[in-house]
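Each chain gets a letter, A, B and so on, in the order the sequences are listed, and its residues count up from 1. When reading the values below, keep in mind they use all heavy atoms of this one structure, side chains included, and skip hydrogens, waters and symmetry mates.
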Number of protein chains: 2
Amino acid sequence: MADVADRAGVSRALVSIVFRNQPGASRETRERVLRVADEIGYRPDSAARLLARGRSRTLGVMFTVHQTFHTDLIEGIYPEAERLGYDVLLSAAAQGRSEEKAVEALLGHRCEALILLGPDAEPAYLDGLGQRAVTVSVSRRVPRARVDFVHSAEGKGVRQATDYLVELGHRRIVHIDGGAGPGSAERRRSYRAAMRRHGLEPEIRVIPGEHTEQSGIEAGRLLLAERDRGLPLPTAVLAGNDRCAMGVLMAMTRGGVEVPRDLSVVGFDDSHLSHLMPIGLTTVRQDAGLMAECAVRFAVERLENPELEPREAVLDPKLVVRGTSGPPPAGDGPSAR
Amino acid sequence: MADVADRAGVSRALVSIVFRNQPGASRETRERVLRVADEIGYRPDSAARLLARGRSRTLGVMFTVHQTFHTDLIEGIYPEAERLGYDVLLSAAAQGRSEEKAVEALLGHRCEALILLGPDAEPAYLDGLGQRAVTVSVSRRVPRARVDFVHSAEGKGVRQATDYLVELGHRRIVHIDGGAGPGSAERRRSYRAAMRRHGLEPEIRVIPGEHTEQSGIEAGRLLLAERDRGLPLPTAVLAGNDRCAMGVLMAMTRGGVEVPRDLSVVGFDDSHLSHLMPIGLTTVRQDAGLMAECAVRFAVERLENPELEPREAVLDPKLVVRGTSGPPPAGDGPSAR
DNA sequence: TACTCGCACTAGAGCGCGCTAGTAGAGCGC
DNA sequence: GCGCTCTACTAGCGCGCTCTAGTGCGAGTA
């Protein structure tokens with residue numbers, strides 16, 4: 001920076017003004033400074049800048065690698081953050097890199113706000129974060145913690161999906177849940193409620209799972225093993241999310257079960273993959289772009305107005321019918337209803 | 001930091017020593033400092049730290065959101081970087097966020113090295129980066145640029161795949177290429193060479209595409225339209241990568257073509273999704289973990305030994321046969337050979 | 001002329017650390 | 001007693017920037 005100042009024949013302060021696009025420099029000086037900077041390849045140092053101004057204007061985003069829905073969210077976060085004049089720092093949780101580690105990294109870089117995509121950590125820990133920095137949780141409700149919350153009306157989505165299946169004539173509808181995953185509790189609850197409402201209480205069955213393909217595969221294998229012992233297959237599976245649905249699809253197809261002829265499969269998320277499968281996945285769509293936008297806005301608004309209380313945004317999900325669902329096989333059809 | 005020092009009754013310098021895990025502090029002091037820090041929630045400021053020590057010890061990773069193979073790579077980058085004592089900063093390119101922008105962000109944060117996953121930018125631009133910072137390109141060869149290069153022997157992989165298909169009896173093997181995508185040129189070349197070697201020169205056909213599902217869908221539709229006009233379908237498709245293969249699979253299945261009975265489909269990458277599809281994808285496996293490790297090592301070694309010249313690592317890919325490939329339909333079989 | 005005002009610009013402190021050079025004191029041999 | 005070394009610790013500068021409080025100057029006003 002000093003080099004630029006010398007070469008342009010001005011003070012460092014002026015260079016700073018130019019680079020911050022602030023008033024207080026003439027048009028020609030501005031151009032001269034920028035030209036010189038370009039010549040010697042100068043670029044302001046974010047670290048020093050951040051240190052000096054005391055504010056980082058940076059949003060830290062924690063996501064889980066391989067969660068395809070998260071990448072959909074990230075894509076939406078960038079433009080909104082840029083629009084509001086904030087920088088974005090990404091930190092991934094992965095096999096061998098815990099969420100805590102990922103968050104520590106963000107905090108170490110002095111992110112002013114944390115946007116956690118489907119965090120899996122203890123509520124107490126998240127509340128601790130919420131006390132120290134503006135924190136937004138996407139998809140995962142954190143009771144009694146000082147964090148904003150952006151999610152879909154999971155219950156509504158599951159209800160729509162269940163109603164749709166029942167209307168097609170399904171009765172043996174199994175739910176593979178997402179274990180302790182974000183949104184799972186509510187999805188589970190709504191499934192049960194919807195089944196009860198349709199007088200299908202005896203058919204209620206929740207297979208414990210999680211939000212991964214592997215989990216779907218295991219649930220599928222379990223069902224196939226039961227079939228081989230003479231038990232009837234369900235006619236429809238409501239998976240915890242799209243990834244899980246893909247796993248079910250794979251296990252079932254391998255096991256000789258044809259979808260949707262023998263079995264309907266419904267996912268949740270509508271991650272960008274679900275309409276790119278050989279036969280599009282019927283799923284409950286969450287609007288990733290809108291969720292991302294909300295999360296960023298919540299974070300920024302609370303940063304710029306500290307007395308604001310954490311808020312909650314509930315977005316309406318929507319059932320998207322594609323190729324993996326249809327009427328139940330004959331014999332399991334409406335007659336049995 | 002000053003607070004911690006005061007409360008622990010030591011100097012700031014000592015606190016610094018403790019947090020850097022350096023010799024020069026007694027066991028008890030160390031514990032006391034850490035305890036106090038924990039109490040008041042102190043955490044070293046990366047920005048200040050970076051500024052003070054002049055080195056950031058940070059690797060910047062640019063990736064493309066939605067490229068599933070990139071997330072596989074990221075998962076491998078973190079542990080290796082940590083092992084070598086480096087921090088990792090992620091920056092995503094996406095719809096509306098160009099690679100340049102993503103890279104600028106990394107540079108602004110004073111990353112010492114850039115690891116670019118399948119960069120799509122001009123060689124001249126990349127060379128420019130290479131002059132300014134240690135730069136490693138993964139998957140994309142950048143001729144005459146000062147960057148390290150980590151990739152698979154794409155040619156070998158494609159050759160294996162082609163040989164395998166020909167051995168099964170396929171003759172009409174179409175290649176959907178990856179356009180200007182990383183590795184595409186070599187994959188295309190190898191496909192041509194392999195076909196020629198098998199005396200199938202007249203059957204060579206490259207459909208222009210890119211590394212996305214959409215591109216696979218379009219190529220699939222093109223082939224279906226040809227079929228509807230009475231032209232024969234190919235019996236096998238060699239896709240530019242897994243995502244493209246998925247698109248082909250989807251379009252074909254929708255068009256009533258059964259895989260692998262009527263058509264074999266082979267992908268490239270073996271991203272974590274390919275073995276999670278309903279019928280596992282036959283594909284050419286690139287070892288993401290190893291590639292990530294290599295990339296990090298190249299970057300770090302050149303940082304710590306500046307006179308080192310950029311290097312190239314070529315890893316052996318391996319054909320993985322799963323469910324989407326098989327012998328050609330009768331009538332297109334070995335008899336025609 | 002004397003003054004105010006606004007614009008273009010500058011001096012210099014300070015952000016939170018790391019690091020170099022140094023000190024204080026304990027332990028040891030002679 | 002002296003010098004020596006070793007460990008545990010400290011003082012204070014400087015990293016590259018932002019920001020506050022200025023200075024200098026030409027134009028406009030009384």
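- With rounding to whole Å, A:M1 atom CE is found 11 Å from D:dC19 atom C1'.
- No hydrogens or angles considered: a donor-acceptor pair under 3.5 Å links the side chains of A:H151 and A:E312.
- The stretch residues 34-59 of chain B touches DNA chain D through B:L51, B:A52, each having a heavy atom under 4.0 angstrom from the strand.
- Between A:E112 atom CD and C:dC15 atom P the separation is 17 Å, expressed in whole Å.
- Sorted by residue number, the members of residues 13-27 of chain B with any non-hydrogen atom under 4.0 Å from DNA chain D read B:A13, B:L14, B:G24, B:A25, B:S26.
- Between the side chain of B:T135 and the backbone N or O of B:A133, at least one donor-acceptor pair lies under 3.5 Å.
- For C:dC30, the paired base is D:dG1 (Watson-Crick or G-U wobble, both distances below 3.5 Å).
- Note that A:R311 lies in the cation-pi zone of A:F298, set by a 6.0 Å cut-off to the ring centre and a 45° limit from the axis.
- The six-membered or imidazole ring of B:Y42 lies near that of B:F19, with a centre-to-centre distance under 6.0 Å.
- Atom NE2 in B:H109 sits about 15 Å away from atom C1' in D:dG16, given to the nearest Å.
- A:D87 and B:H109 share a side-chain donor-acceptor pair at under 3.5 Å.
- Counting heavy atoms from C-beta outward, A:L315 and A:M291 have side chains that approach closer than 4.5 Å.
- Of the possible polar contacts, one joining the A:S91 side chain to the A:A102 backbone as a donor-acceptor pair under 3.5 Å is found.
- Using a 4.5 Å heavy-atom cutoff, the side chains of A:E82 and B:R97 are not in contact.
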Within the sub-3.5 Å range, which N or O atoms of nucleotides 21-28 of chain D have a protein N or O partner, and how far apart are they?
none

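- Side-chain atoms of B:T71 and B:T68 form no donor-acceptor pair, as typed in the model, at a separation below 3.5 Å.
- Atom pair B:R110:CZ and C:dG16:P shows a separation of 20 Å (rounding to whole Å applied).
- Counting only N and O atoms by type, the side chains of B:R141 and B:S137 include no donor and acceptor under 3.5 Å apart.
- For the pair B:T29 and D:dC9, the criterion of a side-chain N or O lying under 4.0 Å from OP1 or OP2 is met.
- Ring orientation note: the planes of B:F63 and A:F63 are close to parallel, at an angle under 30° on the 30°/60° scale.
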